[in-house]
Trainee: 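Right, I'll just put the structure down here and ask away after.
No hydrogens, no waters, no symmetry mates; every other heavy atom, side chains included, goes into these values. Just so we're on the same page: letters track the sequence lines, and every chain starts at 1.
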There are 2 protein chains.
Amino acid sequence: MTRTSLQDFNCSLARTVDLIGDKWSLLILRDAFYGYSQFSDFRNRLGITPTVLTARLQALTNAGILQRDQVREGIDRHHYRLTAKGRDLLPTIISLVQWGDKWIFEEEGPPIVLRNRQTGNALARMEVCDSAGKVLAPRNVTFEAGPGATAETRAAVRSARASDTGDTAK
Amino acid sequence: MTRTSLQDFNCSLARTVDLIGDKWSLLILRDAFYGYSQFSDFRNRLGITPTVLTARLQALTNAGILQRDQVREGIDRHHYRLTAKGRDLLPTIISLVQWGDKWIFEEEGPPIVLRNRQTGNALARMEVCDSAGKVLAPRNVTFEAGPGATAETRAAVRSARASDTGDTAK
DNA sequence: CAGTATCCTCGCAGATACTG
DNA sequence: CAGTATCTGCGAGGATACTG
């Protein structure tokens, strides 16, 4: 009956997605990375309703992803800036952008190009690497129960590994 | 009145998020990476309603992220497997998982640990690098209009760069 | 300009039952 | 077991007006 809450999942992805896995939040974060910080910035750029924007900014602030600071004493304008926790979402944002560049804007070319501010180099495509720096293909990523695993998680992992053939669509 | 469509944005992030930026899709993709492929797999693991699952699987299939193949001739069971386009979402999934591991499951430790199947090494934290392989801090990521930029995009980029101070929350 | 307050509508998603 | 069909509701999110 009640909408299922992803907080019930003992899974980093589910819990993370529950925080930022909605369309507006990710767009707000993108703009925050681009350097925008004020209510009206987000509002004008995204065409988002003030009500919704307020809710999103509060949620992100409560989650510790943004921090709200007054621009100046005695005035009710604020900056919503990325915290360290929020800045740590950069790889996620970039990987989404790169996926879209590749698979959606393939012909036209990407509308926005990202660069290293200091060197001017373009960004490299994000890759999944292991601790030795080796790039991993999806099929070579495997998993096991970690320290925070519940009994259910452990059981799920076992059954998964039993049925895991390691191949993907041919 | 109508819900604003993210397809209107000339932005890789918006368009991508419009495809996969909902909670169920990302969880389905996670399970697909884990090797699950059948309707009942997703249904049992996620506790998702068949109606919703059908809709999500169709959407992902239409988007070319999953591909639907019959298990055997004459039987109506199917595998939903990642296509190359879908497999390319691995960095996004991993970055979300790693963020959750770090910022949500900090004390308990992550419920699931990812490894290189071949070497057994743990995965490295995903980093944003430039083409020279240099790791980039968020503040050093800048942007400019790309080949697919519309006039509006160009204008937005200009005004952004003018106001961009390069600092984040102190 | 930065929000808050109301109202309303549409669509996602849950429940349940059904078919091949 | 793999879905489809219907019905229903709740709640996100849009529109608009208002306050400090």
Trainee: Can you tell me if A:Glu127 uses its side chain to pair, donor with acceptor, with the backbone of A:Leu136 under 3.5 Å?
Mentor: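 Answer holds: no.
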Trainee: Without swapping roles, check the side chain of B:Trp99 against the backbone of A:Gly86 for a donor-acceptor pair under 3.5 Å.
Mentor: no
Trainee: Kindly say whether B:Ala63 contributes a backbone atom to a donor-acceptor pair with the side chain of B:Lys85 at under 3.5 angstrom?
Mentor: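 A pair under 3.5 Å: yes.
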Trainee: Rounded to the Å, how far apart are A:Ile75 CD1 and C:dA2 P?
Mentor: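 Result: 10 Å.
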Trainee: Which residue in the set B:Asn140, B:Asp130, B:Thr142 passes side chain to side chain donor-acceptor pair (under 3.5 Å) when paired with A:Asn116?
Mentor: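 Exactly one option meets the side chain to side chain donor-acceptor pair (under 3.5 Å) with A:Asn116, and it is B:Asp130.
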Trainee: Would you mind reading off the distance between A:Asp22 atom CG and D:dA12 atom C1', rounded to a whole angstrom?
Mentor: 10 Å
Trainee: Who passes side chain to side chain donor-acceptor pair (under 3.5 Å) against B:Arg115, sequence neighbours left out?
Mentor: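 B:Arg115 satisfies side chain to side chain donor-acceptor pair (under 3.5 Å) with A:Glu144 once adjacent residues are dropped.
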Trainee: Have A:Gln38 and A:Arg77 got a donor and an acceptor in their side chains that come within less than 3.5 Å?
Mentor: yes
Trainee: Taking atom C1' of C:dC1 as reference, at what distance in whole Å does atom CZ of A:Arg72 sit?
Mentor: 12 Å
Trainee: Give a yes or no on whether the ring-centroid distance for B:Phe42 and B:Tyr36 is below 6.0 angstrom.
Mentor: no
Trainee: So which protein N/O to nucleotides 3-5 of chain D N/O distances come out below 3.5 Å?
Mentor:
residue	atom	partner	partner atom	Å
D:dG3	OP1	B:Arg68	NH1	2.9
D:dG3	OP1	B:His78	ND1	3.0
D:dG3	OP2	B:Tyr80	OH	3.2
D:dA5	N6	B:Thr51	OG1	3.1

Trainee: Can you measure A:Lys23 atom NZ to D:dA12 atom C1' for me and round it to whole angstrom units?
Mentor: 12 Å
Trainee: Between A:Asp69 and A:Arg81, is there a salt bridge with N-O shorter than 4.0 Å?
Mentor: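 Salt bridge: no.
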Trainee: Any chance you could encode DNA chain D as dot-bracket? Rule is Watson-Crick or G-U wobble with both distances under 3.5 Å; [ ] for pairs crossing earlier ones, | for another strand.
Mentor: ||||||||||||||||||||
